[in-house]
Asks: 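Following this message is one structure expressed as structure tokens.
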Amino acid sequence: MKIVEDNPQRRRTDLPGSGNPTLESLERYWDALRHAQRVPSRNDIEPSQIDDALPHAFILQRVAPGIARMRVAGQKLHDLLKMDARGMPLSTFFLPEAKDEIAKLVEAAFTEPAIISIPLNSPGSIVRPHLTGTMLLLPLRDDKGATSRILGAIVTEGQTGSRPRRFEIAKGARVRHETLGLQLASVQTLIQPQPVEVQDRDRPALRLVVNNG
């Protein structure tokens with residue numbers, strides 16, 4: 001795996017997710033919310049503005065260093081796991097050998113903060129087809145100004161199959177790691193679980209699942 005510290009001025013055609021309309025539209029929306037170059041707030045997100053990305057989208061909450069749980073999850077994520085994704089740690093989507101590296105990248109998205117885009121690979125077998133994809137992580141502020149949330153998405157190419165899918169980081173591929181270089185409130189005080197933001201549940205246009213645990 002080759003990790004790239006991306007320069008925002010460089011061409012991104014060789015980076016994970018380049019050319020994918022779902023991921024590009026989600027990042028454009030997130031970038032449009034960056035008033036005065038700040039990380040957008042969780043409360044800025046309007047589901048009706050990202051309707052096409054919703055089935056693939058999720059919102060993570062940081063609960064400990066390197067650990068984040070799904071607060072909101074689209075139907076496509078349920079289809080990958082073959083179970084409800086709400087309340088599940090992000091690591092549930094990954095094979096054991098990938099979990100340490102994923103934890104480091106997720107922590108970087110929160111603490112630097114940084115945009116992270118990861119090429120994914122789910123090996124095939126007799127009972128499941130080969131599957132590739134991309135995961136995008138976009139940091140969000142909470143109401144205290146700390147980057148304790150992430151707006152993200154997982155898009156895949158290929159047949160999901162009838163069995164649960166787990167991913168590794170695609171070998172030899174580039175990982176986008178774009179540090180935003182902002183000074184924000186510390187996330188170290190936010191490592192304990194917090195109450196569910198129930199406003200997501202009350203928005204019919206969201207069409208996602210909210211963790212009530």
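Basis for what follows: all heavy atoms, side chains included, without hydrogens, waters or symmetry-related copies.
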Asks: Is E24 reaching over with its side chain to a backbone N or O of G19, donor-acceptor style, under 3.5 angstrom?
Replies: yes

Asks: To the closest 0.5 Å, what do you measure between CD1 (I118) and CZ (R174)?
Replies: 15.0 Å

Asks: Determine, stepwise, if the pair D31 / R28 fulfils salt bridge (charged side-chain N to carboxylate O under 4.0 Å, His left out).
Replies: CA-CA 5 Å; D31 196 55; R28 282 196 301 270; over 6 Å; no

Asks: Hey, what do you get for OG1 (T22) to CD1 (I50), rounding to the nearest 0.5 Å?
Replies: 11.0 Å

Asks: Applying the side chain to side chain contact (heavy atoms under 4.5 Å, CB included) test to L77, which of V72, T92, I154 qualifies?
Replies: I154

Asks: Looking at CZ of R128 and CZ of R166, how far apart are the two atoms once the value is rounded to the nearest 0.5 Å?
Replies: 9.0 Å

Asks: For R42 and R141, indicate whether the former's side chain and the latter's backbone hold a donor-acceptor pair under 3.5 Å.
Replies: no

Asks: When you measure from the side chain of R149 to the backbone of D142, do you find a donor-acceptor pair of N or O atoms at a distance under 3.5 Å?
Replies: no

Asks: For L120 and E168: C-alpha separation, side-chain torsions, deciding distance, then whether side-chain contact (heavy atoms from CB on, under 4.5 Å) applies.
Replies: CA-CA 6 Å; L120 305 177; E168 61 186 6; over 6 Å; no

Asks: Within a radius of less than 6.0 Å around CG of D100, do more than 12 heavy atoms belonging to other residues, nucleotides or ligands occur?
Replies: no

Asks: What's the verdict on side-chain contact (heavy atoms from CB on, under 4.5 Å) for L54 and Q75, showing C-alpha distance, side-chain angles and the deciding distance?
Replies: CA-CA 8 Å; L54 286 178; Q75 180 62 39; over 6 Å; no

Asks: Decide yes or no for L131 and E157: does some side-chain heavy atom of the first lie under 4.5 Å from some side-chain heavy atom of the second?
Replies: no

Asks: Locate the shortest heavy-atom distance separating G87 from R69; write the atom from each residue and the value.
Replies: O-NH1, 3.0 Å

Asks: Let me confirm one number: the OG1-NZ distance from T160 to K76, rounded to the nearest 0.5 Å.
Replies: 7.0 Å

Asks: So how far is it from T156 OG1 to L80 CG, rounded to the nearest 0.5 Å?
Replies: 5.5 Å

Asks: Do you know which two heavy atoms are closest between V106 and A68, and how far apart they sit?
Replies: CG1-CB, 4.2 Å

Asks: Measure from the side-chain N and O atoms of D51 to the backbone N and O of S48, and report whether any donor-acceptor pair falls under 3.5 Å.
Replies: no

Asks: Would H130 and Q159 count as having a side-chain donor-acceptor pair, cut-off 3.5 Å?
Replies: no

Asks: Looking at I115, I116, N20, which one forms a side chain to side chain contact (heavy atoms under 4.5 Å, CB included) with L136?
Replies: I115

Asks: Between L140 and I150, does a side-chain contact (heavy atoms from CB on, under 4.5 Å) hold up when you go through it step by step?
Replies: CA-CA 5 Å; L140 296 173; I150 281 176; 6.0 Å; no

Asks: Indicate the atoms forming the closest heavy-atom contact of F58 with A153, along with that distance.
Replies: CE2-N, 3.3 Å

Asks: Could you tell me which non-hydrogen atom of P139 sits nearest to which non-hydrogen atom of P40, and how far apart they are?
Replies: O-CD, 4.0 Å

Asks: Do side-chain atoms of T132 reach the backbone of N121 as a donor and acceptor pair under 3.5 angstrom?
Replies: no

Asks: Under 4.5 Å between side-chain heavy atoms, hopping through other hydrophobics if needed: is there a path connecting L95 to F167?
Replies: no

Asks: Assess the side chains of S122 and R165: does a donor N or O sit below 3.5 Å from an acceptor N or O?
Replies: yes

Asks: As a quick check of understanding, evaluate salt bridge (charged side-chain N to carboxylate O under 4.0 Å, His left out) for E27 and R176, giving each step before the final call.
Replies: CA-CA 13 Å; E27 185 171 347; R176 178 184 173 196; 2.8 Å; yes

Asks: Please report the shortest heavy-atom distance between P16 and S117, naming the atom on each side.
Replies: O-OG, 2.9 Å

Asks: In the structure I gave you, are the side-chain heavy atoms of I45 and Y29 within less than 4.5 Å of one another anywhere?
Replies: yes

Asks: Tell me the closest heavy-atom pair linking L26 and A53, and the distance in Å.
Replies: CD1-CB, 4.2 Å

Asks: Counting only heavy atoms not in K104, do more than 12 fall under 6.0 Å of its NZ?
Replies: no

Asks: Within this structure, what is the NZ-CZ distance for the pair K99 and F94, rounded to the nearest 0.5 Å?
Replies: 10.0 Å

Asks: Between H177 and E112, is the side-chain contact (heavy atoms from CB on, under 4.5 Å) condition met? List the steps.
Replies: CA-CA 10 Å; H177 181 165; E112 293 184 9; 3.0 Å; yes

